[in-house]
Amino acid sequence: MWPRSLWLSWFFFSVLLGGGLRSNAQTLDHFKSRVKAHTLGNGMKWIVLERHDAPVASFHIHADVGSVNESYGITGISHLLEHLAFSGTKVVGTKDYSKESALLDQRDALFDQIQEEKARINADPLKLKELQEAFHQKRQEAQKFEVAREFVDLSVKEGDRGLGASTSADFTQYTSSLPSNRLEFWMALNSDRFMNPVFRGLYRERESVLNERWIRIESSPGSILDGKLREDLAAMAFKAHPYHHDVIGHRSDLERITRRDVENYFRKYYAPSNLTAAIVGDVNPEEVFRLAELYFGRIPSLPKPEAVRTQEPEQWGERRFQVSAKAEPLLVVGYHRPGINHKDRFVFEAVSTILGNGHSSRLHQALVEKKKVAVEIGSFNGWPGEKFPHLCVFYAVPARGHSSEECLRALDEEIEKVKSEPVTGDELAKFKNMTKKRLIDSMKTNAQLAALLTRAEVLLGGWQRMFDEMQEVEVVSPADIRRIARTFLVRKNRTIGEIVPEEDQQ
Amino acid sequence: MTKGLSRGVVGCLVALLGVECMAWAQKGPKEVFAFPPLNKINLPEIHEVTLTNQMKVFLVEDRDFPTVDYKLMVRTGTVHDPADKAGLAAMTASVLLTGGSENTPGDLMLKKLEMMGGSLTCDANEYTVMVDMSLLREHAELGLDLMADMLLHPAFPQDKIDLAKVQQRTAIARRNDITYTLAIREFRKVIYGSQSPYARHPEYATVSAITRRDILDFFRRYFQPNNTQITVRGDFDWKEMVALLEKKLAGWTAHPVHVPPDPKVNYRYDFSVSYVEKLDATQSIILIGHIGGLMNDPDYPVMQVLSAILSSERMFKKLSSEEGLYWAGGAYDFGYSHPAVFSVGSQTKSESTVKVVRKMLDELKRITEQEVSDEELDLVRKFTVNGFVFEFESKEQIVDRLALYKYFNFPNDFLETVMKKVEKVTKADVLRAARTHLHPDSVHILVVGNQAKFDAPLSVLGPVKTIDITIPQGEPAERNTK
């Protein structure tokens, strides 16, 4: 349940640009003037954008926590916690919490004992069997008090067409889309959720996540964004920084996470000062803030969690790995680059776009059209996350009868060209127009806008930056692109991964 | 007066006028809320015009964003591929785009579009070939020039046809790489028959057999303005846009078109068990079902409710929770012009395969034997009715839906009619519909996995047919070449 979307840079053009662009700027200024923000006493930030075309609203809560915050032993916990956020509270999802609570604790204590016994050098199989039976028994007793999926049902009954959540390396987000007259209902349901969560469904959700891990990673050789290739690319490219482990987490960690672990992690990372909410649609900002104070203001303040300390050092040389699988070849190359809050971030977007986005991109023309060594190519930034220094990625799907090696050689040729000669004025203009269009397309729905507002607030230092970064794209120059290419698109700075088909029959 | 007090006074005054008083105490999440009346939905005006060349146009002005979108639907589709040339429609669509026109070769055309930040795609599916162009408003006319040129003077050059074949062959080589896609594909063949146009897919031999002549014939046969409709949405004046379309497409003249009727589906209810071996699997994908229905069936509304209950309450909530599955669901699908597929599916560890199949079969039986519960019906009905407003959230959604209804000759208010019926569905209705349309004893079961790890042999369910998914190699000349 985590997104595979890769965020593009967000920026807006200046009102000073001429011609038919005036209506673009009007759109953006028009949006900006309809945004209001408010911070609660406990530090939780609220942003509202009014859109009254349809009597609906999209709700978005952004928790500034992702797999990047995880340490050894609890990888995968951010995502597991996201699943468990649908498990209910002291009020929702239970017939009688006072009775259920003791049973949950007893159930978990048995799980602890099982882990302890398993860890012994001379583990007693008989004792283990007894403990497991007792554990299953206690689980069933506790489940008698559970009202399955009550949180989901409550929201769905009110017409929630956008109920969901996702976890990435950088953040966790929770969404809803409801008829706009359900505003207070949403406040009541979701404030309770983040105030009194009970992670009762731990064992079931653990099973589900392990299955998800199997489906997305272990049984998928790959696509670029899923599968073994994805997990190993991060692992190989990041030896220190916590971008090295996948959002889904390591199997062995997932098997051992306890409810206590989840509660501690929740208390640490879901402090209200670490949460940002955005509501976009047919709502009144003053009403929203009043209700937010009333409902979410109840959550006690907690200290803001410490930021990630570890930084990824420079690579000592090019890294390469293979994934052996019953699948066709695939090539991926990742170059280290700075995090999103960097003055050159749009230059990196220009590099990706000009080299690898679209039919007229350099890689498509060279690898797909002319040399015919690939059937598809692409490039993107923001992987596996964007908050911290991360990767600028290129990939190629070799054509039948051609190899990843041929694609890599062709890729290298194109990268050398970008380093030696400046890109053309046409290519730069194309990049700017493509980015402008992408930007507009990304703002179409309430849900999209809510996500963009929270992202800008948390990652870029303020929701206004979504509307204010007008100058930055315009000033990207061919010299900038060449400079960035020469600095970052170098062998020592890259990790290469490929899928190598297994010899035997499928 | 403090701010709070003044609000209280205002709040109660408002109450005297009969409007909901503002709350001061927090409500619990399970309390009953009295919702204020929903603000009204603003429906956009959709203009329908037929051009001189008989092309139908649907236009909606959308001034919120400075863009223009053109969506063109040509009445044809992959079902009209000759059996020995499966892939023809897809290739025609692909090369129409990549080949460009006689004046502007494809690479240049796509480059010009990308220069403008625009996009142009052309894809074939079962029921249409769709050309989709999206541009910044300042390029609306330039884009139309390019699209018109492509439609009126398509080049279909041999080198792009060759390239399309490389891509098709590569897709064929990769088609077993993703287990889920593989399962769906094979299941459709079990339901419709492996030779049915609704299930058949390109092979190396059929791709090789396609010639430039075939592509030109396919194009001329279907790509006529009187066989096409277009929706245009964006930041323009609709009358000006109609004038623009008339002008730019004047050279595209109508010609007699004969679109064969959709191939018939001759379905016979039967029970079968099929198996696809995936030796590297530690999980199985299970699909169980039979033929679905047609959207103009009077039972469509009640079946939507049944389908939702079966999928979310029985498959997902119950089964998936019990077994800790990542997913389980299903749908009784309806087609506009031919019956779609009914299936329930799940993914489970190999060691639970037969157990889960049995549980799924039990659920199918149960829903035809006992009425669904009040809670289940209430949940699905409320979700549908309360969420109805979302069908009108964007102009794009509204006009695309209308275009589809028009394409298939469905009434404009089809959705509203269905909704009214859904509001009135009872438990007895659902049971009757289940008994009429679901046949738990005559289902096709497909399991993709590694039987060596199964909890029991599949044959306990019935005689098993093993499906060989080895990709047929085609002509010797096709192997290991581009």
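Letters A, B, ... mirror the listed sequences (proteins, then strands); counts begin at 1.
Interface remark: A:Q365 contributes side-chain atoms only to the contact with chain B (heavy atom separation under 4.5 Å). Proximity to chain B (any heavy atom under 4.5 Å) is restricted, for A:L154, to the side chain, taken from C-beta onward. Contact of A:H52 with chain B is made through the backbone alone, with heavy-atom distances under 4.5 Å. Only the side chain of A:R298 comes within less than 4.5 Å of a heavy atom of chain B; its backbone N, CA, C and O stay farther away. Of the two parts of A:R193, neither the backbone nor the side chain holds a non-hydrogen atom closer than 4.5 Å to a non-hydrogen atom of chain B.
A cation-pi arrangement is found for A:R182 relative to B:F35, the charged atom lying closer than 6.0 Å to the ring centre and inside a 45° cone about the ring normal.
In this structure, CD in B:E114 is found 10.5 Å from OG1 in A:T353, a value given to the nearest 0.5 Å. A:I440 contributes atom CD1, which lies 12.0 Å from atom CG of B:D64 (distance to the nearest 0.5 angstrom). Within the model, atoms NZ of A:K430 and CE of B:M116 stand 12.5 Å from one another, a figure rounded to the nearest 0.5 Å. Interatomic distance, CE of A:M434 versus OG of B:S119, reported as 9.0 Å (0.5 Å rounding). The distance from the CG atom of A:L210 to the NZ atom of B:K349 is 10.5 Å, given to the nearest 0.5 Å.
Proximity of A:D160 to B:N386: side-chain heavy atoms (C-beta onward) are nowhere separated by under 4.5 Å. Looking at heavy atoms from C-beta onward, A:S360 lies out of side-chain contact with B:K112 at the 4.5 angstrom threshold. Side-chain contact between A:R161 and B:E391 is present, with heavy atoms from C-beta onward closer than 4.5 Å. In this structure, B:M115 and A:N433 have side chains that are not in contact, with every pair of non-hydrogen atoms separated by 4.5 Å or more. Annotation: side chain of A:R400 is in contact with side chain of B:Y204 (closest heavy-atom distance under 4.5 Å). Taking the side chain as every heavy atom from C-beta outward, A:H359 and B:L97 never approach each other to under 4.5 Å. A:E369 is listed as a side-chain neighbour of B:D107, based on a closest heavy-atom distance under 4.5 Å. Side-chain contact between A:R149 and B:F316 is present, with at least one heavy-atom pair separated by less than 4.5 Å.
Between B:K111 and A:E427 there is no salt bridge, since none of the side-chain N atoms of the basic residue sits less than 4.0 Å from a carboxylate O of the acidic one. Between B:E138 and A:K436 there is a salt bridge, since a side-chain N of the basic residue sits under 4.0 Å from a carboxylate O of the acidic one. Taking a cutoff of 4.0 Å between a charged side-chain nitrogen and a carboxylate oxygen, A:K444 and B:E393 do not qualify as a salt bridge. Taking 4.0 Å as the cut-off between side-chain N and carboxylate O, A:D153 and B:K317 count as a salt-bridged pair. By the 4.0 Å N-to-carboxylate-O rule, B:K30 lies close enough to A:E150 to be salt-bridged with it.
Contact detail for A:W214 and B:D280: the closest heavy-atom pair is CH2-O, 4.0 Å.
A:R438 places no side-chain N or O within donor-acceptor distance of the main-chain N or O of B:G117, the cut-off being under 3.5 Å. Side chain of B:Q26 to backbone of A:L294: a donor-acceptor contact under 3.5 angstrom is found. Side-chain N or O atoms of A:N181 include one that pairs as donor or acceptor with a backbone N or O of B:P36 at under 3.5 Å.
Most heavy-atom pairs under 4.5 Å with chain B: of the set A:S155, A:G281, A:G358, A:G162, this distinction falls to A:G358. Among A:A148, A:P398, A:S191, A:G201, the residue with the largest count of heavy-atom pairs under 4.5 Å with chain B is A:P398. In terms of heavy-atom pairs under 4.5 Å with chain B, the best-connected choice from A:A54, A:S177, A:S180 is A:S177. Between chain B and the residues A:V209, A:L183, A:L178, A:V368, the most heavy-atom pairs under 4.5 angstrom are made by A:L178. Chain A forms more heavy-atom pairs under 4.5 Å with one residue of B:Q283, B:E375, B:K318 than with any other, namely B:Q283. Note on A:H364, A:E158, A:E205: by heavy-atom pairs under 4.5 Å with chain B, the leading option is A:E158. Highest contact tally toward chain B, considering only A:P179, A:S361, A:A399, is held by A:P179 [criterion: heavy-atom pairs under 4.5 Å].
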Check against side-chain contact (heavy atoms from CB on, under 4.5 Å), A:Y295 and B:K27 = CA-CA 9 Å; A:Y295 282 95; B:K27 284 180 124 110; 3.5 Å; yes
task = In sequence, state the C-alpha distance, the side-chain angles, and the governing distance for B:F383 and A:K157, and then conclude on side-chain contact (heavy atoms from CB on, under 4.5 Å).
result = CA-CA 5 Å; B:F383 172 69; A:K157 262 195 207 167; over 6 Å; no
request  = Apply side-chain contact (heavy atoms from CB on, under 4.5 Å) to B:R174 and A:L330, showing your working.
outcome  = CA-CA 11 Å; B:R174 288 170 185 275; A:L330 210 54; 4.2 Å; yes
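In this pair, A:F31 and B:F65 present their aromatic rings tilted. The plane angle is within the 30 to 60° band.
Side chains of B:Q347 and A:N211: no donor on one and acceptor on the other come within 3.5 Å. Residues B:N42 and A:D53 have side chains that never bring a donor and an acceptor to within less than 3.5 angstrom of each other.
Counting heavy atoms of neighbouring residues, nucleotides and ligands inside a 6.0 Å radius, atom CZ of B:F388 exceeds 12 of them.
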